[in-house]
Structures are given as structure tokens and as C-alpha cells.
Amino acid sequence: MEYNVTQRHDPQKGGVEFFEGTLAHTDEIESVRIFDTTLRDGEQTPRTSFSPDEKREIAAMLDEMGTHVIEAGFPANGDAEFAAVRDIAESTDATTCALARIVDGDVETALDTGAEMVHVFASTSDVQIEDSMHTTREDVLERAVSSVERVAEAGAIPMFSPMDATRTDPEYMAEIVEAVSEAGAEWINIPDTCGVGTPSRFAELVAHVSEHTDARIDVHTHDDFGMATANAIAGVEAGADQVQVSVNGIGERAGNAAFEEVVMAVESVYGVDTGIDTQRITELSEMIAEYSEVETPVNKPVVGANAFAHESGIHAAGVIENSDTFETGVMKPEMVGAEREFVLGKHTGTHAVRKHLRQSGFVPTEAEVRQITRKVKDRGAAKNRVTVSDVQRFARELGVDSHEEVKA
């Protein structure tokens, strides 16, 4: 991916000290594939539904951005879902994935869509086997093997998920992973279905599964304790090849590992090219927020309104001088199609006010900058929103010279 900014530290261009100190070692990851499940798990967000046209538009953008796999839906869920998966499979270059339970009808319906990959899943934790599927370990294993064999026989790529992997008995996990691998599974997805994993434990689970299969490893993490992205990255460090993500992190309950967080962490912190066109991330995020009707929190990493915004006087002054001072140094707003913003309010300092005045065409003295800064702080302290128009009004009220007046 080409950028007009320095992504990583370069002594010739002014190094980012972050990577010369505590976290200088950044070669833990060699490559990462992105499996997007916004259209499947993302749509399972409570009170969220995408129309067929919205699904096609989302899939088209994900495809254009270079997403490796698009999980387009759960075809057995109904005719509309079947049609959406089929349409996406026919219209995109990315690998299209269809979800199926270890039920013959589900598997056949998924195959009928023409999806290149079929993701079959089954509960493997005892609590889900007994109280959700109402069956036995032996039955789950037998049906899982049969489903994987059918997908392989049909010429599609079989992916198997031992659902609730983080609460599954390790010995049973090894047994079922070995069985489906022998049946032809090309991918084993390790899902932290209830979001109870921690980075170190999840990494151990990935390593455990890897010992019992030659299939490639894929991870799917949930954000119930705010660790979805960290767990996903830990899984990749432990040997996983692919991460399942959803845009804006939407999904069941607290959601999934977020597309934008995983991609930018891999690209910027680890220095690995995912192949994703990151400069469209903000555009993609805004599309998903609109279509899902799930508002993006202002403090959301990468895509939140405050991700590249600065109000504190100390921070703003530093960033105006050199953005590496109070930003990551390895992720610039233009890398994700965003813009840096200097917010006006109670914590604003003279550097930000001066910058806004000059951008508005004024040539203030230092005394005028200080006077206007005090007005900005007072208005912000009263919990009033402060805009550039307010700064311009303050300048006019003080009679601050403009560029035109200075020239005259």
C-alpha cells in the first residue's frame, strides 16, 4: 500500500521514538488475511437489518478494498438471505462464504448459492451441546465430519468452527479438530463466542488447535470485555492466518473485533501489508453506521469523530508542531480517509486558536490571540459548543486585522 506519509519510523525522515524504545520489536506477524462478517454476524446486531441493495453495496465496497473473504450470510435463514449470498458470490472477486449449521439442509442450501467457501459450525462446549443443541459430543462430532465431507465433495472450501471454543474441553477440542481435518477442512475457525477469552489464553488455544490440524487457522473474537481486537491479534501472533472482523465492531451483544481496528493495528503497529485499501476505511465505516443504524461512538478507535481530534492546549500545540508528539506516529488520518481536527472548547490553548484565526484570514497579535482564547475557554466552560464561527466573531468584535487589511 502506498501512502504519502511515513507509516513507520525512519531515522532519515525523523524517527518515531515509540518504536525505538519499549515496543521496538515488531516482527511477530508476517501476514494476515481479512475475513469480513459484517453481513452475517454484523447483521445479528440487535435491531439491525440490511436490505438486499445495502448488502450488495457493502459487499461491493469490501471487495473493492481488497477484503479476502466476505461472509455474505446464512442462506438457510430464508429466501432473501439465500438470494443475497448468491448475488454477492456472483458479483465479487473476493471469496464469498456462506454459513451453515451441521444440518444437511443448511449445507445443501449454502452450496446451492455458489459460495466458494462454506462455514459449518457446531457447539463444542458442554453447556451448549447439552442446553442449546440438546445432543451429545459424539453426535456433534459425527455430524461435523459429515458436513465437512459434503462441502469438500462439492468442491467448495470447507471451514469448520467449534462454537464456544474458549469454553470447550481441550481434549474434546483436539478430538473434533482432528476429525474434521481428516474429513477435509481447509480452515479451522476458533471462535471466542461469548467473549471470555484473554489475549494470553486465546493465544494458547490457537497453539493448542494448531497442534492437532494441518488446516489453516482463522479466529473470531467477541468484545464482551473489550478485548476482541487484542484477542484477535494475539491469535495471529500465535499462528492464525486470518481474522474474522466486522466494520465498526458491530455484531452479537457487544460485537466483534472491528475491521478498522484489526487492519490498522496490523498495518501500522506491526508494519504488515494486509492488502486492504485503508484509505476507504472511514467511508466504509460511515456506510455501515448509516445502514445498520448503529451510531459510531465518538471515541471509537480509528473511525470515531474524536480519533484524530485535539482540544487540550498541550496536545494541540504539540500536534501543530509535529503530529507524532500526541498521535501514534504510525497512523495518520489520511491513511484511513479521515482529517485531523483541532476542537475548540474549555481546554483549548493559544496554538489552536491562532491556527484557526490564521486559517480564517486574520492576522492577530499575541495579545489578541490570548484574549480570544479566554473567550473560547469561557464559552466552553459554560458547556456551550464553540465553533470556528465563534472565533471569527470574537476576532471581528476585537477588530483583529485580516490579511486583506494588512495588504492594504
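Computed from a prediction, not measured in an experiment: that's the story for all the values here. Numbering of residues begins at 1 and proceeds along the displayed sequence.
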Any side-chain donor paired with an acceptor under 3.5 Å for [X] and [Y]?
X	Y	answer
Asp192	His220	no
Ser285	Asn248	yes
His68	Gln242	no
Gln392	Arg396	no
Thr92	Asp63	no
Glu43	Thr48	no
Ser161	Asn189	yes
Thr38	Ser246	no

Are the side chains of [X] and [Y] in touch, meaning some heavy atoms are under 4.5 Å apart?
X	Y	answer
Met65	Phe259	yes
Leu357	Val400	no
Ile102	Val148	no

>> Before you tell me yes or no, could you show the steps for Glu175 and Arg137 under salt bridge (Lys or Arg N to Asp or Glu O under 4.0 Å), namely the whole-Å CA-CA distance, both residues' side-chain angles and the distance that decides it to 0.1 Å?
In response: CA-CA 10 Å; Glu175 182 182 1; Arg137 287 184 176 186; 5.9 Å; no
Is it true that [X] and [Y] make a salt bridge, defined as a side-chain N closer than 4.0 Å to a carboxylate O?
X	Y	value
Asp218	Arg33	no
Arg201	Glu204	no
Glu81	Lys55	yes

> Checking Asp36 side chain against Ile70 main chain: does a donor-acceptor pair fall under 3.5 Å?
Replying inline: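 No.
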> Which is it for Thr193 and His222 under the side-chain hydrogen bond (donor to acceptor under 3.5 Å, both in side chains) test, yes or no, and what are the steps along the way?
Replying inline: CA-CA 6 Å; Thr193 304; His222 278 268; over 6 Å; no
>> Rounded at 0.5 Å granularity, tell me how far CZ in Arg216 sits from CG in Asp241.
In response: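 Arg216 CZ to Asp241 CG: 4.5 Å, rounded to 0.5 Å.
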>> With side-chain hydrogen bond (donor to acceptor under 3.5 Å, both in side chains) as the criterion, how do Thr274 and Glu267 come out once you've worked through the C-alpha distance, each side chain's angles and the decisive distance to 0.1 Å?
In response: CA-CA 7 Å; Thr274 62; Glu267 291 259 350; 2.7 Å; yes
> Asp223 and Ala228: which non-hydrogen atoms are nearest, and at how many Å?
Replying inline: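 Reported closest heavy-atom pair: OD1-N, 2.9 Å.
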> What do you reckon, is CG of Asp112 surrounded by more than 12 foreign heavy atoms closer than 6.0 Å?
Replying inline: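 For Asp112, atom CG is crowded (more than 12 foreign heavy atoms under 6.0 Å).
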